[in-house]
Structure formats: C-alpha cells, structure tokens
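What follows is a single structure, written as structure tokens, with notes after it.
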Amino acid sequence: MTPILTTALTIGGAGLACGGLLALAAKFLAVKEDPRIEEINGILPGANCGGCGYAGCAAYAEAVLLKGAPINLCAPGGAEVLGHLADITGETAKVAEHKVAVVLCGGDVSHAPRKFDYNGVADCRAAHATGGGDKSCSFGCLGYASCSHACPVGAIEMVNGIAKVHRDLCISCGSCIRTCPRHLIKMVPYARTIHVMCSSKDKGPAVKKACKVGCIGCTICTKLAENESIKMAGFLAVVDYEKDLDSDAVIEKCPGKCIVRI
Amino acid sequence: MSELAIVSSSPHAHSGSSVQRIMLDVIIALVPAMAAATYAFGWDAIRLISACVLACVASEGVSRKWMGRDLGVEDLSAVITGILLAFNLPPSLPTWMAVVGSVFAIVICKQLFGGIGYNPFNPALAGRVMLLISFPVFMTTWSTWGIPAPLAVDAITTATPLGLVKTAIATTGELPFTFNGATALQLFVGNQNGCIGEVSAAALLLGGLYMLVRRCISWHIPVAYLGTVTLFSAILWLHHPQQNLNPGFHLLAGGLMLGAIFMATDMVTSPVTKRGMLVFGAGCGLLTMLVRKWGGYPEGVSFAILLMNAVTPLINRATRPRVFGAVKKKKA
Amino acid sequence: MGASTANFRAPGGIHPAYHKDLAAEQPIAEMPLPAMLVVSMSQHLGKPAEPTVKKGDTVLRGQVIGEAAGFISAAVHAPTSGTVKLVAAVATAAGPRATAITIVPDGEDTWVEGITPCPGWQTLDKKAIAEKIAAAGITGMGGAGFPTHVKVSPPPEAEIDTLILNGAECEPYLTADYRLMIEHAARIWEGALIIAKALEATTIRVAIEDNKPQAIAAMQDAIPAEAKDAQVVVLKTEYPQGAEKQQIFAITGREVPCGGLPLNVGIVVENVGTTLAVWEAVVNGLPLTERVTTVTGGPIATPGNVKARLGTSYADLVEFCGGTSGTISKIISGGPMMGFAQPDLACGTTKTTSGLLLLGPDAVQAYESMPCISCGRCVGVCPMKLMPNELSQFLEAEDYETAEAYNVMDCIECGCCAFECPAHRPLVQHMRRGKAQVMLIRRKQAS
C-alpha cells in the first residue's frame, strides 16, 4: 500500500499546490477591465468586419467606452445594437442609413473578353498590378474574387466572372470596398435600386471596343432621369444616390444596356 | 496573334526545377538501398516496400479527393514516404501492419495537416513510431530469414547490433563483441540485422551522394548529424572504452545513415537556413546518442528526428539570416 | 595595369541561361524614323512629367514636351520634329496608364534651336553640370529610371568618394550596354569624368562581369590619362551582379543600409548607358531623345541592338529586326528576370527600355504553383538575405505587419527566389503586392 499512498499523496499534493498558485495568480494578476466592455462586446454582432474602423468588435467596444467613439458606427448591428449601446452608455445617436454595397460593373465574361492570358496569383490586386489586369476593359471587374474572399458574411458571389453583391445579405461593413483595386464597389442606400453598371472613364468608342455593356457616354439617361439624378462625370454616367430615381425609361433607353435595376 | 500572350509577374525565366523532379531524384537515390535490402532480405523487402508504396499512394489519392484538394499524387511524395516507411520496418513485419502504418503516415500525419508542405513531422517516421508503440513485439523481432548464406556465417544476427550492445551492457556490464575492421566492413556493406533500409551504409551513402549532386539535399544536415554522433560517441569511448563502442560502430550501425541522409533531410520538416540545418543536424545527433546511451530503446534516430521536426519552426526563426544592409545607418 | 577583380562576394545569386549570343555581336544599328511615336510622360521613377504641348502643335526634336513635375521627376523631349496628334492616357510597359504624347514625324528631324555644345566642360562647376543633365531629361537607363540630375546633386554631407559605372548587364539576353562599352568606351569614360566632377568623387570603378571580355578590354584600353584613380573591376558572372547594392558590396565591401541609398556609403552608381547620355548632354548639348534597345529572343528573325527614338512602338522595333517567326508566348519589356510582360506590341519605348524580348512557347514556363515544400532554395539565393518562403506566406495571409517586420521592403524584386522555386510559387508577385500594400499602410499612418 505504501508506494500507492506515496504516489497519490505526491501527485495530489502537487496538484493542490499548482491549483493554489493558479488561484492566487488569477486573483493578483487579474487585469481590471470595465465590465461593460465585455457586455458591449456581447451585443455587437461579432462579425469582426472592421466596418466601424476598429480592429474588430472588441476593439470597437473598448473604443466606445474609453475613447468616446460614436455609438452608431456598427453598420451590421443596425438599430437594434444601437439601442442597446444607447442604454449602456446613455448616449444617443441617429441610426445610420441602411446601405449596401454594389459592384458597378456588368461586363461579365460574355461581354468583356480577356486581353491576355494572366498567369499568377489569383487575387484582383495582384492581377491589377500585372500588366494592368487581363480584362479587356481597364476599369472593369477582374473577377479574381478578392472582395468575395474579404466579405465576412459571404454576401458576394462570383457570377460569370464578375462579382455580384447579394444586397439582402450585405452588412455594409465596407470590407469589399477596401480590397477592390479598381474601386468599383460603392456603398449605396438600400432604397436605391437603379445603377449604372459601368465605371469606365474611357470615351465611347474605346468602351465599345472593350465591353458590350459599357457606358458609352451618350448622355441619354441624364436627360431622362428625374431631377438630375444621373449626371455625367467625364464620359461616364453616374447615379446621384442622394436623389430619388425610379424611372424605367433610363433602363430601356440606355443604348449600352448598362443601366439596370437590382 | 490568334492566341493571347501570357502575362505574368517577373521573373520570366525559371531554373526548370520542380517538386516532382526533386521527388523523382530522391526515389532514384533510394534505389541502391532498395537493391541492398532486396539482396539482404529477399522477398520480405519487396513485399514491404510494395505494400507501403501502394498503401501510401492509394491513401494519398483517396484522402486528397475526399478533402477536396486539387492536387493529385503525381508529385511522387507519397512514393517516397512509402519507401522510407518500409525502410524503417523489420523484415518479418506482417503486411497488414505495414499498410496500417502507411495509411497513418499519409492520412493522419500529412493530409490532415494540409498535405504536402504543411506536415510538421516526417510522415514516414511518424508512421514507424506509431507502429513501434502499437506493435512493439513485431517491430523489434529481427528474423535472420533471407540473409544469403555466404554472408550469414559471420553476420551479426538475431538482434540488431545496437540491441545486442544495449542488452549486454545492461545485463553483464560488458560489450558483447569488439568492433574492428571486419565488423565495420560487415556493417558497411549491409551484413547486419535491422530494418530493411538500414542494412547497408554503403548503398545509403551512394544515394546521398546522388542527392548532393542533384541538389536535393545540402551537406549541412547529414554532416552536422553524423559529426555530432561521432563527437559524442568519441567522448564516451575515450572516457570509458570498456562500456562504449567506438564512433565507427555508432556511425555504421542502426538507422543512423538512413536517418541522417534521407529522413532528417526531408525538406518540409527541416529548417530552411543553412545555419538552421547545422543546428538541426547537431540536435538530431545529440538526441540520437542520448537515446542510444541512456534511453529505453536501443536506437533513437526516429525519436531524435521527430523531436527536432517539432522545433524546426523555432530553429528557422532563431537562425533567420541578417538582412543584407541591416547595418547602422550613417547619416546622409 | 590590368583590370582588377572584385574583392568581395555579395550573398545569394543565381546562374540563369544567358542567351546573350543572340545579339552580342550585332553592332548598334540606327533605326529610321517610324511613322508614329508614342512618348510617355512616365519614363522614370517618380512623378510623371507634365505635358507642355497639345493636340495639333508642331514640335522640333529636342523641344521640351513634358516638364519635370517635382523634385523626383524628369523632363521629356520631342524625339523628332513633327505634329502632335494626340495627348491621351495609354498603358505603360509596367501596366498602369499614364499620359502619352503621340507625334507624327515630319521626316525632317529638325533640332530645336538653342542646342549649345560644351566640349570644354572642365570649366563647368558641379551645379552647372547637374543643370545640364536635368535640362537633357536624363534618367537611369539601366532599369528603374531614377532621375540622374538628382543622383549627381547629393546633399553636401553625403561625401561621395566613389563613382561606380555599372556595366554588369547581368540580365540574360540583354546586350545593349555591352555594345555601348565596345563601341563608345572613350565617350563613356569622359561621361564618367563629368559625373565624377559633379560629385567631387576621386575614384571611378567600372564594373563588368567576366563573361564580357571584349567590353572589359575596350573599357580598359580607354581609361583616360587625366583620371586619377580609375579602374575596370571584373565581377564574377552571376545574377544579380548589376543590382546596385550587391555591386557596391562586391567592389568596395560597403553595405548600403536597409532603406538607404548608395550615397549613404559615399557611392553613386550610374549605368554605362546613362553615362553616355550624360556625355551627349554636356559635351554636345543634346537632350535624351533616343536609346539603344536590345531586340532579341527566339521568335525574332534577326536579333540586334537598335538605337531608336523614344516612343518607337515595340511593333516597329520588331519589324526593323526582320519580324517574327513562330508563336509568341510572351512579350517582355526589359530582360527576363525583371522585365514587364506585355499583352501586345503596342507600347512605345522609354528611357528605361533596355530590351524587348520575345519568347516562344519553349521558353515560357507557366506558374502552376504548389504549396511551399520548405526546400530553402529561395533563402539560399536571395541577394538581400531575406526569407522569401516565409514572407510570401505572410503576404498570402495578408499579414502585412509581420512581413514588414521581416524586411519585405528590402526586397529588390530581382527574381532569384522565383527562378529557383521548385514549387513554382509566384514569390516576386507576392513581394510586389506586399510592398505596395505596406507603402499604402505607411502612407495612411503618416497622414
């Protein structure tokens, strides 16, 4: 019996001693933290999308309490999270307008061909930096899915070689916008559904050569759209998302077939 | 131009090397040792090598498909794992055990970690150690079956030479045999008992030479490994020649040559810097000798290399080269 | 006095197949004026030049058509006389678009007025020399295209003691600098004396790899009597011996600090082509309007070294060299190690177009990249002693902070790592993207 007893006592004793040390450490080395930080962190969606400008939800929670960050920065959380944050902090803020991302390019593989055979890293930024990108149009979606990979909620799908945002899944964090080397993705109000699906700054003939559904700068839509809600920016028609636009005429009359309702 | 020009980032030239070519070179380098194994153990060597290779390639193919990886088995790395695992098995091992070891090596130790390039441990060695722990009796039974008659007369048989030494020291406190030119030659040409791949130091060295020429390995790991073993055993031997065999024996016996030339040099699981390779090789040598001298097993090559595999990332980090230009900046 | 050999050996390096025999023995051939010239405003490192002409203007050869836009920038001159047909953004050889001026030559090739030769340059002070170089719009003609007038006017505390003329031309296929050294050794030496005067440097070294004995002999024979401490240094043939920092180390044993410039160790390196351009600019008063480009590669009918006006389209260069035969798989502006692949032959030459290389299907290896097998070859060949294997993995995971901590910014994009990589990983592309991203982050933090 003695060896068993000795063993049990030794191991048990060692265990007790270690446990005691851990307990002491937990007590004396504990980091003092405002319990509300943990509470806010629990309320935030936990997508860690970075849309608020902080490195994840925990950082934002800390910033709200310690650095006085505005409480309406969490786009994915919307009104619900804002309400909770207002309760905890006692601050008030207006709910930010519900916005969704849209990729302003409609030149999929059937409309805009490749101009060379790209061989390299399958990433839009890398492709863009190599020979200026392999798409015939130097402004269009390259289709290497960098935005789709960056999206924390899987709201961007690659369809026929270009990115499409599922607007009802989008949490408006803006991660995709930061990855697109061609700056094609815009955050637009959810209520606005008519878009010029082209971002080419080229002149009409060059656009036509590169893509079958590009904006050729004909300006027809700017005349049809109510209260100047589509304006020309150089050779490109651009929707002014601040204004209402709900005209089917602009869609039908666009010779480039690049104005669509999503 | 009808066909589109290829556009890629520079450089637009390549040395022409490929992973497949490296693997093929390693396989070619293993041929002499396979021949020696077949000569020494006959049918058993062929049986085990083919069983391991087939099992490895099959499980690699199946698991890659199953895990949805787009790479196939054409990089030949599974073939090497198969051969090396077989080299680490005793000739009398049942085929089914070899197959179990192969599947473990490929599926658990390689594919589950992410496939080629991502495995932290040498799959063949991990497979062998799994078998050694699971089936200790089978893994340490050394049959003399198959050793050609002319060589069997003086062959050091029935147990591995290292096993003999370990048992003798433990029981009688004396060396079981003396190590002289004749025994050295026996060990060198392949007339010893042991795992099928470790019999002939000569065949292994020949393969190592080929790999050096083809740049599949650099000299750093084998030299550091063998050098440390030599140094360590020389100190022991000079200190106490009655209890310790001389360095020549330690170099030629057991799995050291196989380990130093083929296992420790596995690219994936060894350091990338030259200094790191030296540290890695020295660590392997030290651990091998510790096990051989004081450990529970007669041979420590597998354990030594696996343990060093575990610290490879650490070695890489510690031996990061000083960046060219990392000097104090003179004010401009 | 014979040529001396390099004292030190820079780390890393590779031995690619050189293929220099294709064009090495072809004397420099002057190309007649093409039907059109597309002159980019982005011919150099730094800010593109500002166009000073518009559509319909007539220009004379040597007339400024683009003004330097800032400190690190250089003027661009009309390569011949003619009419401006278009001012518009076109793709540059490196990819991004930049404004370019399209000129239709009138065939007269009339020089602008006010060209003032200055054979007695010895009387000029260093400021005057730098001004003449700036007025001629000279930039580094070896690769990066750093404006030369900036290089020759170092801050006073830099104390430059050595001028190195880079004649290594370590890029495979290219032979333009080689031909220049053989055909214009004396002028290059005089150009070197001019630059040395501007720098107040007492020592001049000409670096040439040992696979170019003819160039070594030519430069050796032409060492001017008035040069106090001038030598030809023979470098071991190895890529990248032409890389500035490695070359400085090979010759002097001085290590340019990370993020620093050669002037931090008292050295300025000039390409031999640039040096010749400096001679033209100071002695003859001529701005930079043409350069020698090696047109080479398997599909080119008669490879050669062509002196062509800036803005000559690649298609015209190829035609001058007898056109092509067989399939063209890759079109490269520059050499195979650091050049830029082109989608077509539309681009025009610039001050940095050292070569136009066409590769057939046999010479093109596609990247079908595999996971890294940690062979360590990239670590062994990296001339900056970086660990490209690790860095590329950090960058793949978009961990720019760690990549920066492990010196991704010191990568010179020489391509040794990717050349050696058995897994065919696009290491340089990862580095390029990583460097761009780190720059972006740094700029964001600074603002």
Side-chain angles (χ1 to χ4, degrees), chain B residues 1-23 69-71 75 77 114-119 215-218 220 265-277 312-313 316-317 319-332, chain C residues 10-11 14 16-17 155 157-158 172 245 255-258 260-261 263-265 327-332 336-344 359 364-367 370-376 379-380 383-387 389-390 406-407 410 413 415 418-420 422-424 426 428-429 432:
Chain B
M1 254 179 297
S2 55
E3 266 182 60
L4 294 175
I6 298 172
V7 174
S8 65
S9 178
S10 63
H12 310 287
H14 194 269
S15 61
S17 65
S18 71
V19 173
Q20 195 184 19
R21 178 69 223 189
I22 291 175
M23 299 297 171
R69 300 214 168 97
D70 44 4
L71 292 162
D75 63 48
S77 61
I116 183 166
Y118 296 106
N119 49 302
R215 295 201 311 143
C216 297
I217 58 172
S218 67
H220 301 77
T265 53
D266 169 37
M267 289 170 170
V268 174
T269 56
S270 64
V272 293
T273 61
K274 301 282 179 248
R275 274 192 304 150
M277 290 177 188
T312 291
N316 272 334
R317 178 177 283 228
T319 58
R320 177 181 303 285
R322 180 185 70 85
V323 173
F324 188 68
V327 287
K328 251 201 190 150
K329 197 169 174 175
K330 267 207 305 194
K331 60 175 193 284
Chain C
I14 53 168
E157 66 272 19
K245 294 179 177 179
E255 226 174 289
V256 178
C258 290
L261 292 169
L263 61 85
N264 292 112
V265 292
T327 314
I328 302 162
S329 297
K330 230 175 196 180
I331 303 159
I332 299 160
M337 293 306 294
M338 290 188 74
F340 295 102
Q342 305 293 308
D344 47 40
L359 295 177
V364 175
Q365 290 94 1
Y367 286 110
M370 287 187 58
C372 169
I373 55 163
S374 305
C375 65
V379 180
M384 292 307 292
K385 289 204 205 168
L386 303 174
M387 291 176 71
N389 59 329
E390 271 190 355
Y406 289 156
N407 300 71
D410 287 303
E413 300 172 25
F419 176 86
E420 278 293 335
H424 291 252
V428 177
Q429 197 176 14
R432 281 225 175 97

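Numbers restart at 1 for each chain; the letters A, B, ... are given by sequence-line order, proteins then strands.
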Interface residue of largest heavy-atom contact number with chain B, from C/G339, C/P11, C/A423, under 4.5 Å: C/G339
Region of B/I6 that comes under 4.5 Å of a non-hydrogen atom in chain C: both
Partners passing salt bridge (charged side-chain N to carboxylate O under 4.0 Å, His left out) against B/R21 (at least two apart in sequence or in another chain): B/D25
Residue list, side-chain hydrogen bond (donor to acceptor under 3.5 Å, both in side chains) with C/E390, at least two apart or on another chain: B/R320
Check: C/F340 main-chain N/O paired with B/S10 side-chain donor or acceptor under 3.5 Å: no
Approximate separation, where rounding is to 0.5 Å, of C/I373 CD1 and B/D266 CG: 9.0 Å
Flag side-chain contact, heavy atom, 4.5 Å: C/Q342 against B/V7: no
Heavy-atom pair of closest approach, residues B/P11 and C/F419: CG-N, 4.0 Å
Residue pair C/C258 / B/V323: nearest heavy atoms and the distance that separates them: SG-CG1, 3.9 Å
Reported NE2-to-NE2 distance for the pair B/H14 and C/H424, which is rounded to 0.5 angstrom: 4.0 Å
Main-chain N/O of C/E420 paired with B/S17 side-chain donor or acceptor, under 3.5 Å: yes
Interchain contact, C/P16 with chain B, by part (heavy-atom threshold 4.5 Å): neither
Check: B/S9 main-chain N/O paired with C/Q429 side-chain donor or acceptor under 3.5 Å: no
Top contributor to chain B contacts, counting heavy-atom pairs under 4.5 Å, from C/C375, C/P383, C/P336: C/P336
Contact summary for C/S374 and B/V272, nearest pair of heavy atoms: O-CG1, 3.5 Å
Which atom of C/K385 lies closest to which atom of B/F324, heavy atoms considered: CB-N, 3.9 Å
C/M337 portion near chain B, given a 4.5 angstrom heavy-atom threshold: both
Top contributor to chain C interface from B/V268, B/N316, B/T312 [non-hydrogen pairs under 4.5 Å]: B/V268
Options C/K245, C/E413, C/R432, ranked by heavy-atom pairs under 4.5 Å with chain B, top entry: C/R432
C/C372, part contacting chain B, at a heavy-atom distance under 4.5 Å: backbone
Contact origin within C/P172 toward chain B - heavy atom pairs under 4.5 Å: neither
Atom pair CE/CZ of C/M387 and B/R317 - distance to nearest 0.5 Å: 10.5 Å
Region of C/I14 that comes under 4.5 Å of a non-hydrogen atom in chain B: neither
Minimum side-chain heavy-atom gap C/M370-B/D75 below 4.5 Å: yes
Proximity breakdown for C/V379 and chain B, heavy-atom pairs closer than 4.5 Å: side chain
